[in-house]
Amino acid sequence: FFVTLRMWRVVLKPLVLGGQYEYILVEKRGENKNVGFIQLNRPKALNALCDGLMKEVGQALDAFEVDKEVGAIVITGSDRAFAAGADIKEMQNRTFQECYGGNFLAHWNRVSTVRKPVIAAVNGFALGGGCELAMMCDIIYAGEKAQFGQPEILLGTIPGAGGTQRLTRAVGKSLAMEMVLTGDRISAQEAKQSGLVSKICPVDQLVSEAVKCGEKIASNSKLVSAMAKEAVNAAFELTLAEGNHLEKRLFHATFATNDRKEGMTAFVEKRKASFQDD
Ligand code: CAA
């Protein structure tokens, strides 16, 4: 019988491959299924971030962004590798013309424009684009054996998805320069010391700890969480005066929400707040 390309892509491929995605596993976790969960799933390539994988991550994020149940998102990899970087085999023969003309890696940016809070749970290698992907997230939890690095210099290139910018803001100039110029990796402990990650967990507890953090965030008002995220992120873009001004306006804006009223009323009535995200 006759199978068109479209039929294969839209109907048959998802059935054959057991889901909508080829390179990632996607589900909702937490007691109330309110944490969107994305697991990078190219184990043989140490989750190298090929174009198809990052497109799927973008699609999964789009779906969680509009899902009213989801209040936070966790991105993780395997115990061995969060992600070993952009796919070197895919990049090997690319020309400047193709990179510049096609704005290579621009779509990765979707991860940093999600309005819901995103937590990276990093076990194993987070190298190059893997480290950059983690840094696009809002919170990074690391497993005890995690390693972070920007080894692009060893390939004759430089980080291209925010590594020189976000790493420098996270760990300061000296350590960022050393990592970017030597390609040396840092351990989870060094990452914690330098402020790159907020928590270190045993390898086998990392994902559940990240989901727990996601559940805690999801139990608050989604509307107000988005405002809080916007305000913190503004600290990286604005002067102190501009940032404080934006914060003040967003703070004032929370007084237009029912959730702010509910939160303060619940406190005064000595009960747990029940936020409706409005
Ligand atoms: N791209 C494509 N394939 C990769 C990969 C990558 N970034 N990283 C690992 N792999 C593949 C390997 O080619 C290998 O596949 P084969 O079995 O088919 O040969 C498989 O994953 C396992 O890797 P290794 O055999 O190398 O495993 P190892 O335990 O000896 O070493 C490692 C692990 C130290 C992570 C090593 O794989 C490595 O150095 N990887 C590359 C890391 C890197 O340079 N990342 C930066 C990429 S550039 C970038 O990300 C640009 C950007 O800013 C966006």
Side-chain angles (χ1 to χ4, degrees), residues 21-25 38-58 61 75-114 118 120-137 140 142-171 173 175-191 196-197 203 206 236:
Y21 301 107
E22 188 176 346
Y23 301 109
I24 59 176
L25 303 172
I38 300 174
Q39 181 166 20
L40 312 183
N41 189 31
R42 274 190 91 196
K44 283 194 191 131
L46 302 182
N47 289 331
L49 304 166
C50 62
D51 211 43
L53 185 151
M54 287 308 293
K55 280 201 179 114
E56 289 187 358
V57 168
L61 291 172
I75 302 182
T76 195
S78 67
D79 285 359
R80 181 142 183 255
F82 177 73
D87 191 316
I88 300 168
K89 291 170 189 167
E90 216 177 59
M91 279 188 296
Q92 184 185 2
N93 296 316
R94 270 185 196 254
T95 63
F96 163 77
Q97 286 81 351
E98 286 164 358
C99 288
Y100 188 81
N103 209 358
F104 180 45
L105 297 189
H107 67 289
W108 285 32
N109 207 32
R110 176 67 185 114
V111 182
S112 62
T113 61
V114 179
V118 185
V122 176
N123 266 325
F125 300 115
L127 302 179
C131 187
E132 292 170 307
L133 173 61
M135 291 190 294
M136 284 180 201
C137 300
I140 306 179
E144 278 164 345
K145 301 207 172 105
Q147 292 184 36
F148 297 83
Q150 297 289 160
E152 288 88 345
I153 198 81
L154 306 174
L155 300 168
T157 185
I158 71 168
T164 62
Q165 305 303 299
R166 291 197 177 92
L167 187 65
T168 307
R169 282 165 168 79
V171 307
K173 177 175 163 180
L175 182 55
M177 277 289 189
E178 191 179 344
M179 289 171 69
V180 169
L181 294 176
T182 65
D184 285 352
R185 302 174 208 151
I186 59 170
S187 65
Q189 291 69 25
E190 289 167 300
L196 182 61
V197 313
V203 172
L206 172 74
F236 296 100

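Throughout, residue positions are numbered sequentially from 1 according to the sequence presented. Atoms within a ligand are numbered from 1 in the order they appear, just like the ligands themselves.
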Which of the ligand 1 atoms, numbered from 1, are nearer than 4.0 Å to a heavy atom of [X]:
X	value
Arg185	34 (C)
Gly160	52 (C), 53 (O)
Leu105	54 (C)
Pro159	53 (O)
Met91	48 (S)
Gly128	46 (C), 50 (O)
Arg80	27 (O), 28 (P), 29 (O)
Leu155	44 (O), 47 (C), 48 (S)

Qualifying side-chain hydrogen bond (donor to acceptor under 3.5 Å, both in side chains) pairs with a residue from residues 145-164, counting only residues at least two apart or across chains
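Sorted result for residues 145-164: Gln147-Arg185, Gln150-Glu152.
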Under 4.0 Å from [atom], is there at least one protein heavy atom?
atom	answer
atom 39 (O) of ligand 1	no
atom 30 (O) of ligand 1	no
atom 17 (O) of ligand 1	no

Centre of Phe236's six-membered ring, under 6.0 Å away, within 45 degrees of the axis: is that where NZ or CZ of Arg169 sits?
no
Is the closest heavy-atom distance from Gln150 to ligand 1 below 4.0 Å?
no
Kindly identify the option in Thr157, Leu46, Thr164 whose heavy atom sits closest to atom 32 (C) of ligand 1.
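Closest candidate by heavy-atom distance is Leu46.
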Please work out, at 4.0 Å between heavy atoms, whether the side chain, the backbone, both, or neither of Ala84 comes within that distance of ligand 1.
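Contact part for Ala84 vs ligand 1: both backbone and side chain.
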